[in-house]
Amino acid sequence: MMSKDLVGFGDDLDGSTCRIGIVKTRWNPEIVDSLYEGVRAALNETGVKDENVYDTTVPGSFELPLAARFLALSRQCDVVITIGCLIKGETMHFEYIAEAVTKGLMDIQLQTTIPVIFGVLTVLTEEQAVARSKGENNHGISWGKTAVEMALLRNA
Ligand SMILES: O=c1[nH]c(NC[C@H](O)[C@H](O)[C@H](O)CO)c([N+](=O)[O-])c(=O)[nH]1
């Protein structure tokens, strides 16, 4: 039975062998780029090598699942991190995209066995997004650590 002690967690993660794919959206760039910085800080902290990080962008969150599938099927990544931010507007557009993206990303990791990190903020206001993408509450930090842990678990 696999123990989490075999791959470490939190501060014990060794990402030096992990190959990380990152796909982020061009929508809500200030929020997304701040989340991305949090992800990269966590990858650096766990020893992931810059040459093992593959970066790409898509227009919006609705495009994240297909890009994540491309990366997963490339077999060049041990894990894929998706980064986006959906902010509720006046219509139901938010709900439809959020549901489709969430299910799409889950399906891809189950189909390909490549972990896909759900790094999509789904918030009601821009203030909520800012609060979750800055400083110690930058959710990108935990997404980066989760990515390394899941990559190690997959390859254990
Ligand atoms: O990533 C986002 N895409 C958004 N829309 C674009 C969508 O993800 C697709 O790129 C577009 O529908 C084309 O497929 C957003 N809103 O519409 O509000 C949003 O808040 N965030």
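Side chains included, hydrogens not; waters and symmetry mates left out as well; all remaining heavy atoms used. Each residue takes its place number in the sequence, starting with 1. Atoms within a ligand are numbered from 1 in the order they appear, just like the ligands themselves. As the structure is a computational prediction, the values presented were derived from the model and not from experiment.
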Is there at least one pair of N or O atoms, one from [X] and one from ligand 1, spaced under 3.5 Å apart?
{"X": "Pro59", "answer": "no"}
{"X": "His93", "answer": "yes"}
{"X": "Cys85", "answer": "yes"}
{"X": "Ile97", "answer": "no"}

[atom] - nearest protein heavy atom and its distance:
{"atom": "atom 18 (O) of ligand 1", "result": "Trp27 CZ3, 3.4 Å"}
{"atom": "atom 13 (C) of ligand 1", "result": "Glu63 OE2, 3.4 Å"}
{"atom": "atom 20 (O) of ligand 1", "result": "Ile87 N, 3.2 Å"}
{"atom": "atom 1 (O) of ligand 1", "result": "Ser61 OG, 2.8 Å"}

For Phe94 and Val123, which heavy atoms make the closest approach, and how far apart are they? CE1-O, 3.5 Å
Phe62 heavy atoms, cut-off 4.0 Å: which ligand 1 atoms fall inside? 7 (C), 8 (O), 9 (C), 14 (O)
Does a salt bridge link Asp55 with Arg40, judged by any charged N lying under 4.0 Å from a carboxylate O? yes
Do [X] and [Y] have side chains that get closer than 4.5 Å, going by heavy atoms?
{"X": "Val79", "Y": "Ile117", "result": "yes"}
{"X": "Thr57", "Y": "Thr25", "result": "no"}
{"X": "Gln109", "Y": "Leu105", "result": "no"}

Could you tell me whether Asn28 approaches ligand 1 through its side chain, its backbone, both or neither, with non-hydrogen atoms closer than 4.0 Å? side chain
Distance-only polar pair, side chains of Arg69 and Thr112, donor-acceptor under 3.5 Å: no
For the hydrophobic clusters of this structure (ILVMFWY residues joined by side-chain heavy atoms under 4.5 Å, transitively), does one cluster hold both Leu35 and Val116? no
